[in-house]
Amino acid sequence: MTPEEFRRHGYKAIDWVADFLTHAERYPVLPPVKPGELTDALPAHGPEKGEPMEAIMADFERLIVPASTQWNHPGFLAYFANSATPESILGELLAAALNGNGMLWKTSPAVTELEQVTLRWLREWCGLPEEWFGLIYDTASVSSMHAIAAAREAADPESRTKGTARGLVVYTSEQAHSSIEKGAIAVGIGQDNVRKVPVDAEFRMRPEALQALVARDVAAGLRPCCVSATVGTTSTTSVDPVPAIAEICARYRMWLHVDAAYAGAAALAPEFRWAFEGCERADSMVWNPHKWLMVPMDCSVFYTSRPEVLRRAFSLIPEYLATSSDPRAVNLMDYGVPLGRRFRALKLWFVLRSYGREGLAAAIREHVRLARCFAGLVENDARFELAAPVRFSVVNFRYRGSDDDNRRILERVNAAGEVFVSSTVLGGKYTLHLAVGNFRTEERHVARAWELVTGAVQ
Ligand code: PLP
């Protein structure tokens, strides 16, 4: 492609994105496609000869877009809805142009240092301890796996060389995300050694139950090594009592990890700081700007107060990567499994600068307001009930009927294509789950979601 051709196609692509963002509501949120339909529509074999951009773009519009779930649609109200804001899209474009790889400081000083700077800003904005070291991984699942690996290293330094973590135990609540269990599997602690601590009526880990499980394991000769508390659980956004959990961790010398993958962004607004009480005592914490900070996939921020343990767990420097040492030249490959790391901090920087802390806090506040509006509608209709307290921007609710009634309602709501609401199970009951998180979601979208829900009752 010549520079002139790039310019021509590039302008067209940007025009396409601008139209797409303006008219996202033209598309159904959930694509009406069947499994395998796209595969069958695409050639079975790749082209021998290069094809013109016009043909590629035409197929993008004809085949790829219609088979895409529209996460950037303001009616996307499922799971943890998120956003690819225009600023962050430009950041992604420029990151691809630089194609930086921050495995070592010298392989891209900008990738390494902007990551440190943006994470310092975020740490300050969220009131987290100044001495915490931060880096960006792709997902919260990978961040938490690194936390558990560090916990393993702290509890049993021989496990790195001997490859065994027998007898180590990880604790998390029965409402925690499955990534904690996967992390324990990945670092060799094993699923059987993950305890799911019972929760209270508001879906928060019960510290006395944690204490009892830990004491039982110690008595059995096992070695409790890590507790993963959640601030903003996946189904209900409940907040575990971190201060009480931190006490137990200190008593048994366990690593305290905080999974704030979704709710971390709320720390930018002072009125939500209550949720982070005790987090300053954590050994590590994860939160995902790609969930609720207007940054597109993927961007997961990982902080630790003990970077030297993480480094001990993973630092391995082959000859071909040896580099001169300078205290200000951080080599991020030393802090985890991935060697290559793309320039994720650039899109984050674009968002942090273009919104500012106040702008981001205002967006989060607005999402919470919209969720509360929706919860108010649920509460005012005797046929429905809230299934969990509304702490942030998520509402769990159900029709006071059978699970099948609720399933049918959800199917009808989503079939309309205007909104996408998801489901979970709470207290054994099928529950509808509405999450506000897209930068373009307005009151009319949640009001429409409610109209569709009530219209789907038979
Ligand atoms: N932790 C929590 C609390 C989550 O809700 C999720 C996903 O929703 C994850 C971790 C996993 O996030 P990721 O997709 O970034 O691995």
Side-chain angles (χ1 to χ4, degrees), residues 69 71 76-84 88 134-149 170-187 194 196-197 199 202-205 226-242 245 256-267 272 275-276 279 282 284-303 336-338 341-342 344 347-348 367 371 388 391-396 420-426 431 433-438:
T69 299
W71 281 77
F76 190 108
L77 302 167
Y79 311 114
F80 284 133
N82 63 12
S83 308
S88 64
L135 71 164
I136 301 178
Y137 294 119
D138 53 357
T139 57
S141 303
V142 167
S143 293
S144 290
M145 184 204 75
H146 283 88
I148 297 168
V170 171
Y171 304 80
T172 197
S173 95
E174 52 191 19
Q175 286 291 316
H177 190 263
S178 51
S179 53
I180 304 306
E181 211 168 332
K182 282 198 187 179
I185 295 169
V187 309
V194 178
K196 308 266 185 66
V197 184
V199 293
E202 294 193 1
F203 307 102
R204 302 170 295 202
M205 187 192 288
C226 177
V227 179
S228 179
T230 315
V231 172
T233 55
T234 311
S235 284
T236 71
T237 75
S238 61
V239 175
D240 286 340
V242 179
I245 294 169
L256 172 58
H257 176 57
V258 174
D259 178 356
Y262 153 75
F272 297 117
F276 300 87
C279 288
S284 59
M285 178 169 174
V286 57
W287 69 279
N288 280 1
H290 78 227
K291 284 205 193 316
W292 200 16
L293 204 72
M294 322 304 145
V295 176
M297 282 288 289
D298 50 6
C299 184
S300 177
V301 166
F302 179 78
Y303 287 112
V337 174
R341 37 182 34 253
R342 66 192 201 86
R344 297 190 182 92
K347 62 186 170 188
L348 179 60
H367 290 164
R391 303 255 175 250
F392 302 104
S393 69
V394 169
V395 185
N396 285 283
F420 175 27
V421 177
S422 56
S423 65
T424 186
V425 172
L426 292 176
T431 302
H433 172 106
L434 177 139
V436 184
N438 186 269

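First listed ligand is number 1; within each ligand, the first listed atom is number 1.
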Q. Below 4.0 Å from any atom of ligand 1, is there a heavy atom belonging to T233?
A. no
For ligand 1, note which part of [X] has a heavy atom under 4.0 Å away: side chain, backbone, both or neither.
X    : result
A261 : side chain
D259 : side chain
V286 : neither

Q. Closest approach of S228 and T172, non-hydrogen atoms and distance?
A. O-OG1, 2.8 Å
Q) Looking only at heavy atoms, what is the nearest atom pair of N396 and T236, with distance? A) ND2-CA, 3.5 Å
How long is the span from the [atom1] atom in [X] to the [atom2] atom in [Y], to the nearest 0.5 Å?
X    : Y    : atom1 : atom2 : result
T234 : Y262 : OG1   : OH    : 11.0 Å
Y303 : M285 : OH    : CE    : 8.5 Å
T230 : I180 : OG1   : CD1   : 6.5 Å

Q: Around atom 13 (P) of ligand 1, find the nearest protein heavy atom and jot down its residue, atom name and distance.
A: A140 N, 3.6 Å
Q. Tell me, which protein residue and heavy-atom name are nearest atom 16 (O) of ligand 1, and how many Å apart are they?
A. S141 OG, 2.5 Å
**Q.** Minimum non-hydrogen distance to atom 12 (O) of ligand 1, winning option of K291, H177, M297
**A.** K291
Q. Among side-chain atoms of H433 and S235, is any donor-acceptor pair under 3.5 angstrom?
A. no
Q.
Checking the N or O distance criterion of under 3.5 Å, is ligand 1 in contact with T230?
A. no
Q: Say whether T234, considering both its backbone and side-chain N or O atoms, lies within less than 3.5 Å of an N or O atom on ligand 1.
A: yes
Hey, which atoms in ligand 1 end up nearer than 4.0 Å to a heavy atom of [X]?
X    : answer
H290 : 15 (O)
F80  : 5 (O), 8 (O)
G232 : 3 (C)
S179 : 10 (C)

(Q) Applying the side-chain contact (heavy atoms from CB on, under 4.5 Å) criterion to S88, which one of P296, C299, S83 satisfies it? (A) P296
(Q) Taking side-chain contact (heavy atoms from CB on, under 4.5 Å) as the criterion, tell me which of R344, K347, M297 meets it with H290. (A) M297
Q. Hey, mind stepping through L135 and R341 against side chain to side chain contact (heavy atoms under 4.5 Å, CB included) and telling me if it holds?
A. CA-CA 11 Å; L135 71 164; R341 37 182 34 253; 3.6 Å; yes
